[in-house]
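First up is the structure itself, then whatever we jot down about it.
By convention in this document, chain letters (A, B, ...) are assigned in the order of the sequence lines, proteins followed by strands, and residues within each chain are numbered from 1. Here the structure is a predicted model, which means the values were calculated and not measured.
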Protein chains: 2
Amino acid sequence: MSVIQGARERARTEVTAAIKEEARRQLASEGAARLSLRAVARELGMVSSALYRYFPSRDDLFTALIIDAYDAIGAAAEQALAASAGAAPADRWIAVCRAARDWAVDHPHEYALVYGSPVPGYGAPQDTVVPASRVGLALVAVVGDAQHDGVLGPPLGRPLAGPVRADAALLASELAPDLPVPTIAALVAAWAQVFGIVSFEVFGQFNRVVEARGPFFDQAAAALAAQVGLAPSGGPPADGQAGDGDRAGGEQRS
Amino acid sequence: MSVIQGARERARTEVTAAIKEEARRQLASEGAARLSLRAVARELGMVSSALYRYFPSRDDLFTALIIDAYDAIGAAAEQALAASAGAAPADRWIAVCRAARDWAVDHPHEYALVYGSPVPGYGAPQDTVVPASRVGLALVAVVGDAQHDGVLGPPLGRPLAGPVRADAALLASELAPDLPVPTIAALVAAWAQVFGIVSFEVFGQFNRVVEARGPFFDQAAAALAAQVGLAPSGGPPADGQAGDGDRAGGEQRS
DNA sequence: CCAACGAAGAGAGCAGTGCTCTTGCTTTTG
DNA sequence: CAAAAGCAAGAGCACTGCTCTCTTCGTTGG
């Protein structure tokens, strides 16, 4: 990671970046399955075989894009986390969820790459697990902060079944020893459920079902916040949501 | 739809079925992106071009498989709905959700086809919308029956924002005029959230996070039942869940 | 300063893909 | 029975991921 590089090394990182950029562009316009190495090379004015100097295979290019996507959506969530420091926990929860959702609707194909069907025979390598966890960890941080401030209530729902408790206890010991085990379990469920709503929106399942997707998402995120034990903020936010910046009627599928 | 068919017509439907069957087999073993018309034809002992007599394009084959998949998971849900008639609403809710989940983990690639990333430039045709709604309608039926029996409580969560209420009201008028609007909104959210958990499980996001996936799913489904206003069944189901038939430790990604 | 080394690009080529078009054959139908 | 329609086969086009060889050129050690 030296700042000073030889011309060669410099060129390499630049070309690598250009390849990823062009690949991302094609990803957005064609979708992952139609991403073509040759087309990327063509667009970059190089021959297809030259691309293999930078990525040993198409799957490796995918891996790079996947990591970037995880990092991007994770960064969005973390930024919302940081920006909302000091706010009511439920509102922070909604802000973090909303940041992830907004990134997803802005980058549907990259989102599909990471939260959609796993690519063919391709097993996600180990490098992806840390970036993949960033959004989840941001949610954990919201709840952890609430706990630290003494405003974390008990999660809703019936008592945990044995195996679920065991899983949650293991998780808790790894990433948030201070949080109650049932809270962790509720957190994991909420995490998956948030992405369920995002996926339905991005993948078109809400077409002709839900139009006001931004407000709908916020509504659901608020319910999930309550589910994990974050009390709703005092004031009734019931209506309005003005300046929401949401294009409700827009068709999603390209 | 005449029962009696000429030999030719009969052969046609048989070949069509054989193609879909073989395609499904390849789908299961290779994944959607690697499904190859030529390979299907090869396996069936015919030449690739002959396949185009039955499906005008690869996308049309996909469409057929998608409809079948929607119908299969929908049928599974409806069967659970019928089988649970008379049980406590919350338990019926869980049963229907669980049926959909079980089908999904048993047919991960078909599930990915319908609830994963939409295929490349392929816009789902209108034929898919009815089959696609079957699981959702089964969930609506559970809640509708509970309402009819007078055991439906109010949904949890804050009051609806204006646009959300409008969407939900429209939906309610279309498919369940008897249900309260907030219930419909909660139902739609719960519907998406159920599939969020299923997708995370099927797509491998729960690897090294949740191991007892069956019980975990039931836990979350129970919480969602409460969310839409279905009171938990009397007895404490807290532990046990024996004979669960869940292979907890199994690696998911092929 | 220059020679050796290694990284990078070019091009040909392989096996595979979706899809089209033409050519024959068989079944159905008027 | 002959015409029409349905169907399989084969050749072929343009494309894909990937490998191999060959040449060029920046970097670096003596």
Exercise for the section: Between A:Arg38 and A:Tyr54, just flag the one whose closest nucleotide in DNA chain C comes earlier from the 5' side. Expected result: A:Tyr54

Handout entry: Touch class at under 4.0 angstrom, heavy-atom based, for B:Leu44 against every strand present
Key = nothing

Exercise for the section: Pick base, sugar-phosphate or nothing for B:Ser48, based on heavy-atom distances below 4.0 Å to the nucleic acid. Expected result: base

Exercise for the section: Look at all strands and tell whether A:Leu51 reaches a base, only sugar-phosphate, or nothing, counting heavy atoms closer than 4.0 Å. Expected result: nothing

Exercise for the section: Give the minimum heavy-atom separation between B:Ala23 and B:Leu35, together with the two atoms involved. Expected result: O-CD1, 3.9 Å

Handout entry: Whole-Å gap separating P (C:dC19) and CG (B:Asp59)
Key = 7 Å

Handout entry: Closest to the B:Ser57 side chain, choosing from C:dC19, C:dG9, D:dG17
Key = C:dC19

Practice task
Can you tell me the distance, in whole Å, between the OH atom of A:Tyr52 and the C1' atom of C:dA10?
Solution key: 15 Å

Fill in the blank from the handout: Rounded to whole Å, CG of B:Leu61 lies from P of C:dT17 at a distance of 14 Å

Practice task
Kindly write out the residues that satisfy ring-ring contact (aromatic ring centres under 6.0 Å, His included) with B:Tyr54, not counting sequence neighbours, or none if the list is empty.
Solution key: none

Completion exercise
Result for ring pair (Phe, Tyr, Trp, His ring centres under 6.0 Å) between A:Phe195 and one of A:Trp103, A:Phe217, A:Tyr115 points to A:Tyr115

Exercise for the section: Classify the side chain of A:Ser49 versus the base of C:dG11 as yes if they form a donor-acceptor pair under 3.5 Å and no if they do not. Expected result: yes

Completion exercise
In whole angstroms, the gap separating P of D:dC18 from CZ of A:Phe55 amounts to 13 Å

Problem - Rounded distance in Å - CZ (A:Arg12) to P (D:dT27) - result: 14 Å

Completion exercise
Shortest non-hydrogen pair, A:Asp167 vs B:Val210, comes out as OD2-C, 3.7 Å

Exercise for the section: Check whether any side-chain nitrogen or oxygen of B:Arg42 sits under 4.0 Å from OP1 or OP2 of C:dT17, and answer yes or no. Expected result: yes

Exercise for the section: In whole angstrom, give the distance that lies between atom CZ of A:Arg10 and atom C1' of C:dA7. Expected result: 18 Å

Practice task
Rounded to the nearest angstrom, tell me the gap between atom CD in A:Glu43 and atom C1' in D:dT16.
Solution key: 16 Å

Practice task
Write down the distance between CZ (B:Arg58) and P (C:dG18), rounded to a whole number of angstrom.
Solution key: 6 Å

Exercise for the section: Scan residues 37-58 of chain B for pairs that pass salt bridge (charged side-chain N to carboxylate O under 4.0 Å, His left out), counting only residues two or more places apart or in two chains. Expected result: none

Practice task
Kindly indicate whether the side chain of A:Arg53 and the base of C:dG9 share any N or O donor-acceptor pair separated by less than 3.5 Å?
Solution key: yes

